[in-house]
Amino acid sequence: MTALDTSPRRDAAGVLIVGGGLVGASLAIALDAAGVAATLVESAAPRPDAQPSYDERNLALARATVNGLAAIGVWPHAAAAATPIRHIHVSRAGEFGSVRLEAAEMGVDALGWTLPARELGGALLRRLDACTRLARLAPATLEALEPHPGGWRAQVRGAGGVRTLDTPLLVGADGTESFVRERLGIAAERHDYAQTLFVCTVQPERGHAHRAYERFADGGPVALLPLAEGRCGLVLTVPADAADAVAALDDEGFLALAQQRFGWRLGRLRRPGRRHAYPIRRVAAARLASPRAVLVGNAAQTVHPIGAQGFNLGLRDALTLAELVAGAADPGAEALLAGYAARRAPDREGTMAMSHGLVQLACLELPALAPLRSLALLAVDHLPPLRRALARRGMGFRGEPPRAVLERLP
Ligand SMILES: Cc1cc2nc3c(=O)[nH]c(=O)nc-3n(C[C@H](O)[C@H](O)[C@H](O)COP(=O)(O)OP(=O)(O)OC[C@H]3O[C@@H](n4cnc5c(N)ncnc54)[C@H](O)[C@@H]3O)c2cc1C
């Protein structure tokens with residue numbers, strides 16, 4: 001197993017980031033780029049095939065996200081594996097009305113990009129290797145926390161035994177079941193969607209023309225994201241009580257189900273890749289900050305993947321925090337952390353409400369809702385200002401975004 005310990009034998013950790021997933025690694029890089037001393041602690045070995053979320057899921061990255069990844073020097077390591085999304089098509093099976101968002105109408109070359117999480121993970125690891133101020137402990141696990149004058153004292157178990165690290169700012173980037181959140185005594189609101197998501201790649205008969213499809217159907221939504229070489233990333237949601245039966249289907253049976261749910265817009269779906277299944281839940285921390293501690297990414301909020309918002313939102317957490325900490329005399333100052341929580345609130349609450357509302361609206365099998373839903377889709381499609389507002393938010397320009405993601409848009 002590859003083990004990494006680039007930290008000098010010291011007790012002062014600088015900003016201590018627990019969790020080197022997609023968001024924690026991005027934060028570590030952003031802090032290093034800003035000249036802030038930090039330590040990154042990650043339970044998994046520093047390899048794309050060892051990290052739990054550096055896997056086969058295909059991420060739809062909003063335009064703002066790609067701007068942010070470029071600003072911290074990650075995108076050059078990932079761009080070659082990414083596929084631009086130039087059109088988005090949202091519809092519901094069996095109902096009229098659809099929404100089409102176009103990059104050209106927004107005056108941009110792409111609304112977003114599709115990138116396998118494994119490729120983004122590899123790019124983050126390569127960029128982490130070039131960090132100069134960052135100490136990295138991996139595999140190493142945070143096991144205990146206690147308050148310490150001016151911050152927190154952490155016990156971290158790694159290859160060389162247990163280390164004690166003192167930090168003026170503890171960052172919980174340790175995912176949905178965050179140990180940091182629990183130890184800080186921050187409550188979390190949970191909702192089990194009773195749905196399972198199946199993810200795999202497929203080869204449609206017709207070219208995807210850089211179009212991403214989101215199609216709502218009884219039983220859950222299905223999405224197709226454009227990938228390289230004409231392939232698409234399929235995301236199929238099924239009720240949790242049907243998950244075992246769907247997992248047991250052979251390729252032919254699985255494709256028949258996907259085809260029935262997605263329809264024939266891209267012709268026959270063929271050659272499915274390996275299937276991966278994910279249970280879906282929503283977990284929202286009651287607050288983002290505690291004395292000398294904050295939460296980012298899935299530790300702060302885990303949302304339904306239907307809206308493709310989890311990492312996009314988490315990166316905006318990370319880049320906002322890095323922006324506030326850069327140049328601050330005390331990274332854990334109460335006013336700074338209150339400012340972080342206040343600045344993230346509109347984006348966080350808006351994105352969580354949008355993701356949750358979308359699932360509720362899309363999955364309710366109420367025939368009486370159908371005409372309303374169709375009308376809503378039609379209205380958005382026929383009102384350019386509404387469509388542009390939706391496209392802007394979809395591109396990740398929400399609330400008061402971190403400066404790193406901004407660009408001049410028409
Ligand atoms: C099927 C699927 C599709 C998705 N599609 C999209 C999409 O299209 N677009 C999008 O933006 N998002 C998408 N998401 C969401 C996205 O994957 C997550 O939001 C993102 O991975 C969260 O990153 P994170 O770093 O916050 O958490 P994680 O990736 O969960 O990382 C947490 C890390 O913390 C480490 N850790 C935990 N406890 C400790 C400890 N005590 N000590 C040390 N380390 C610890 C873990 O090993 C892990 O590496 C999708 C999710 C799923 C499941």
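Everything numeric here is computed off the predicted structure, so don't read it as measured data. Values below: every heavy atom of this structure, side chains too, minus hydrogens, waters and symmetry copies.
- Of all heavy-atom pairs spanning Ala299 and Ala285, the tightest one is O-CB, 4.1 Å.
- Between Arg153 and Glu146 there is no salt bridge, since no side-chain N of the basic residue sits under 4.0 Å from a carboxylate O of the acidic one.
- Between Arg86 and Glu102 there is no salt bridge, since no side-chain nitrogen of the basic residue lies less than 4.0 Å from a carboxylate oxygen of the acidic one.
- Here the side chain of Gln259 pairs a donor or acceptor atom with the backbone of Gly267 at under 3.5 angstrom.
- In this structure, the side chain of Arg231 engages the main chain of Arg271 through a donor-acceptor pair within 3.5 Å.
- In this structure, the side chains of Leu165 and Val156 come closer than 4.5 Å at one or more pairs of heavy atoms.
- You'll find the side chain of Ile88 stays beyond 4.5 Å of the side chain of Arg211, heavy atoms only.
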Test log, rule side chain to side chain contact (heavy atoms under 4.5 Å, CB included), inputs Leu197 and Arg57
CA-CA 10 Å; Leu197 215 73; Arg57 73 189 75 168; over 6 Å; no

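- Glu42 contributes no side-chain N or O that, together with a main-chain N or O of Ala140, makes up a donor-acceptor pair within less than 3.5 Å.
- With contacts defined as side-chain heavy-atom distances shorter than 4.5 Å, the pair Val246/Phe254 qualifies.
- The 12-atom threshold is not exceeded at CZ of Arg403, counting heavy atoms of other residues, nucleotides or ligands nearer than 6.0 Å.
- Counting only heavy atoms from C-beta outward, the side chains of Asn58 and Leu115 never approach each other to under 4.5 Å.
- Taken from SG in Cys200 to CG in Leu236, the straight-line distance is 8.5 Å, to the nearest 0.5 Å.
- Residue Arg268 qualifies as open at atom CZ: its count of foreign heavy atoms under 6.0 Å is 12 or below.
- Checked against the 6.0 Å centroid criterion, the rings of Tyr193 and His304 qualify as a close aromatic pair.
- The shortest distance between side-chain heavy atoms of Pro46 and Leu125 falls below 4.5 Å.
- No donor-acceptor pair under 3.5 Å is formed between the side chain of Arg47 and the backbone N or O of Asp49.
- Listed here is the closest heavy atom pair of Pro291 and Trp152: O-NE1, 3.1 Å.
- Under a 4.0 Å N-O distance rule, the pair Arg181/Asp174 does not qualify as a salt bridge.
- Side-chain contact, Arg157 with Thr141: no donor N or O sits under 3.5 Å from an acceptor N or O.
- Salt bridge Arg190/Glu177: present, at least one basic N to carboxylate O contact under 4.0 Å.
- Under 3.5 Å, the side chains of Arg215 and Ser91 contain a donor-acceptor pair of N or O atoms.
- A salt bridge links Asp330 with Arg292: the distance from a Lys NZ or Arg NE/NH1/NH2 to an Asp or Glu carboxylate oxygen falls below 4.0 Å.
- Side-chain contact check for Leu336 versus Pro331: every heavy-atom pair is 4.5 Å or farther apart.
- Residues Arg348 and Asp317 form no side-chain contact, since every pair of their non-hydrogen atoms from C-beta on lies 4.5 Å or further apart.
- For the pair Arg63 and Phe397, the NZ or CZ position fails the cation-pi test of under 6.0 Å to the six-membered ring centre and within 45 degrees of the ring normal.
- More than 12 heavy-atom neighbours from other residues, nucleotides or ligands sit within 6.0 angstrom of CG on Asp250.
- The distance from atom OG1 of Thr237 to atom OH of Tyr278, rounded to the nearest 0.5 Å, is 13.0 Å.
- Nearest approach of Leu295 to Ser178, heavy atoms of both residues: CD2-OG, 4.4 Å.
- Side-chain atoms of Thr196 do not come within 3.5 Å of backbone N or O of Ala240 as any donor-acceptor pair.
- Looking at Glu119, its side chain never comes within 3.5 Å of a backbone N or O of Ala82 through a donor-acceptor pair.
- Between the side chain of Tyr340 and the backbone N or O of Val325 there is no donor-acceptor pair closer than 3.5 Å.
- Going from atom CG of Leu59 over to atom CZ of Arg118 covers 11.0 Å, rounded to the nearest 0.5 Å.
- You'll find the ring centres of His210 and His208 inside the 6.0 Å limit.
- Between the NE2 atom of His191 and the OG1 atom of Thr302 there is a distance of 13.5 Å, given to the nearest 0.5 Å.
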Apply side chain to side chain contact (heavy atoms under 4.5 Å, CB included) to the pair Leu142 and Gln155, showing each step before the final yes or no.
CA-CA 6 Å; Leu142 174 72; Gln155 305 278 344; 5.8 Å; no

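- Between Arg126 and Asp129, none of the side-chain N atoms (NZ, or NE/NH1/NH2) sits under 4.0 Å from a carboxylate O, so this pair counts as no salt bridge.
- Residues Leu128 and Ala28 approach most closely at CD2-CB, 4.1 Å, considering heavy atoms.
- Taking 4.0 Å as the cut-off between side-chain N and carboxylate O, Glu189 and Arg282 count as a salt-bridged pair.
- Without hydrogens or angle criteria, Asn312 side chain to Leu61 main chain gives no donor-acceptor distance under 3.5 Å.
- Among all heavy-atom pairs drawn from Leu227 and Gly233, the shortest one is CD1-N, 3.5 Å.
- What you find for Leu324 and Gly339 is that their closest heavy atoms are CD1-C, 4.2 Å.
- Ion pairing of Glu400 with Arg343 is present here, as a side-chain N (NZ or NE/NH1/NH2) and a carboxylate O approach within less than 4.0 Å.
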Show, in sequence, the C-alpha distance, side-chain angles and deciding distance for Gln51 and Leu22, and conclude whether the side chain to side chain contact (heavy atoms under 4.5 Å, CB included) test is met.
CA-CA 10 Å; Gln51 297 238 173; Leu22 299 174; over 6 Å; no

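- Side-chain contact check for Leu266 versus Tyr213: some heavy-atom pair is nearer than 4.5 Å.
- With rounding to the nearest 0.5 Å, the separation of CG in Leu319 from CG in Leu69 is 7.5 Å.
- In this structure, the separation between CG on Asn67 and CD1 on Ile72 is 12.0 Å, given to the nearest 0.5 Å.
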Worked verdict on Cys232 versus Val202 for side chain to side chain contact (heavy atoms under 4.5 Å, CB included)
CA-CA 5 Å; Cys232 284; Val202 292; 4.2 Å; yes

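- Thr39 places no side-chain N or O within donor-acceptor distance of the main-chain N or O of Leu16, the cut-off being under 3.5 Å.
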